[in-house]
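First the structure, in the form of structure tokens, and then the observations on it.
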2 protein chains.
Amino acid sequence: MVQNQPRPRGRPRSYDPAVALDQARAAFWNTGYAATSLDDLSAATGLNRPSLYGAFGDKKALYLKALEKSRAETTAALAAAMAPDEHLRAALTRVYEAAAGLYMRGDLGPRGCFLIGTAVTEAVDDPEIRAVLAAALSEIDAAFEARIRRAMEVGNLPLSTDAAGMAKVATAVMNAMAVRARAGGDLASLRAMGAAVVDLICGRAGR
Amino acid sequence: MVQNQPRPRGRPRSYDPAVALDQARAAFWNTGYAATSLDDLSAATGLNRPSLYGAFGDKKALYLKALEKSRAETTAALAAAMAPDEHLRAALTRVYEAAAGLYMRGDLGPRGCFLIGTAVTEAVDDPEIRAVLAAALSEIDAAFEARIRRAMEVGNLPLSTDAAGMAKVATAVMNAMAVRARAGGDLASLRAMGAAVVDLICGRAGR
DNA sequence: CTTATTTTGTATCGAATGGTATGCAAGTCA
DNA sequence: TGACTTGCATACCATTCGATACAAAATAAG
């Protein structure tokens, strides 16, 4: 928290840039990057076009800010969820339950994960978007892999486990849950998918 | 093959609609539905706009035809790949190897699966696209599940196996491979992901 | 040949797009 | 108070968008 910051010189802005960014992201989230117009973004944020440009730059820059925010939030949330010392099964279950719940939210309908739902389409043609998406995926992989290695050290998983491969599968299920949410899948189906991969990773007996 | 069909009345069309549909799909595949303009489609197919309309209807109808074709091809290919009587491990390995190879192709760069790469973004706002995507996913699930059940009957998997859940995980990895391809992942990484889930499903020993 | 029928190419339509110039409003600083 | 600085709102710009009207071209039928 920055305190006692001297009031800037000119007219104060009438909105909170962080809030506006979230609102813009919500608009992108529903309809994707290409199909979301500046008018849509203006309506979603309450800012008119010139203010949007002043605050975030052009449409692409605004989208990249939203994308980067999602990447950071996802990585942070995942790290936090996997931190506690408990059984791997408990950690993974909590992660997938949380993901399923988050992915089913959305004003217009369940909209999954922002990265999967919007960046994947743009990634082929746009190197910047592709780079952020790749970074996010690799960070998610790393978080799962680190947690799996911890479980191996503690003896919850055999030492012969292919931690990297298993982590990729764990990430895959998270990504696929986001896909299913956008495809209209119900919460129970998402949860079942999470439970199934937890059983595969931790062994079904471990219940 | 329909033979001896009487030549239709008016001026013959100078293109093959099936080829044109594939070319249009290739354009959508790269940049997604919203970002692909009619000019792009016209350039990709060699048809001018009026001919596109005559052959396929408006942009949305053209996209839906491409989407439906992808759904049908995917389902058919999957059914064929899983038909032979062999070990589950062999069948799954072949499926993932084939998927990885297909997903890494693309004129502009690896572009994954058409359904995942283009329909997921549109699905929230468009019920028709969402329905095709949901149908495709559920058909893929069903194909995996049927194959897993066969393996259970033959004794390749324990009878206590959660076939439906396992099938969802199998689908998830296929979907995630498509995501990774668009995100710039290399072929080896895709193959590793496939191998990892095969090990998880069939047991690592079964090599 | 003429006529009927269908496709193709050009040219264009109105609307929506991303982006911006300009003047007014709301503050701080001296 | 008055100069200065910054954000806001209206109006506008050129371009691109999806879609179509219309006439020339190509073929079969009569």
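Lettering of chains follows the sequences in order, A, B, ..., and the numbering in each one begins at 1.
- Mapping K59(B) and P12(B) onto DNA chain D by nearest heavy atom places K59(B) at the nucleotide closer to the 5' end.
- Ring pair Y63(A)/F28(A) is perpendicular by interplanar angle, where above 60° counts as perpendicular and below 30° as parallel.
- In summary, the side chains of T75(A) and E139(A) do present a donor paired with an acceptor at a separation below 3.5 Å, with no hydrogens or angles considered.
- Within the 4.5 Å cutoff, the side chain of R130(A) has no heavy atoms near those of the D126(A) side chain.
- For L62(B) and dC17(D), the CG to C1' distance is 16 Å, given to the nearest whole Å.
- Shortest non-hydrogen contact noted between V169(A) and A196(B) is CG2-CB, 3.9 Å.
- Within the structure, the salt bridge (charged side-chain N to carboxylate O under 4.0 Å, His left out) test picks out no pair touching residues 12-21 of chain B (sequence neighbours left out).
- Here S14(A) does not reach the OP1 or OP2 of dA26(C): none of its side-chain N or O atoms lies under 4.0 Å away.
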For residues 80-87 of chain A, dump all side-chain donor-acceptor pairs below 3.5 Å to protein atoms at least two apart in sequence or in another chain.
| residue | atom | partner | partner atom | Å |
| --- | --- | --- | --- | --- |
| D85(A) | OD1 | R150(A) | NH2 | 3.0 |
| E86(A) | OE1 | R94(A) | NH2 | 3.2 |
| E86(A) | OE2 | R94(A) | NH2 | 2.1 |

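- With axes fitted over five pairs at each extremity, the angle between the ends of the helix from dC1(C)-dG30(D) to dA30(C)-dT1(D) is 0° (10° resolution).
- For L21(B), the side-chain contact (heavy atoms from CB on, under 4.5 Å) test picks out F56(B), L62(B), K65(B), A66(B), K69(B), with sequence neighbours left out.
- Side chain to side chain, S70(A) and R25(A) meet the donor-acceptor criterion of an N or O pair below 3.5 Å.
- Rounded to an integer number of Å, the gap from CZ of R9(B) to C1' of dA29(D) is 5 Å.
- For the pair K60(B) NZ and dA19(D) P, the computed distance is 11 Å after rounding to whole Å.
- Residue R11(B) places no side-chain atom within donor-acceptor reach of the base of dT6(C), judged by atom type and a 3.5 Å distance cut-off alone.
- In this structure, R13(A) atom CZ and dA9(D) atom P are separated by 13 Å, rounded to whole Å.
- In this entry the distance linking OH of Y53(A) with P of dA21(C) reads 12 Å, nearest Å.
- Interface residues of residues 25-52 of chain B facing DNA chain D, ordered by number: T36(B), S37(B), L38(B), D39(B), R49(B), P50(B); criterion, heavy-atom separation under 4.0 Å.
- The side-chain contact (heavy atoms from CB on, under 4.5 Å) test applied to A98(A) returns no partner, not counting sequence neighbours.
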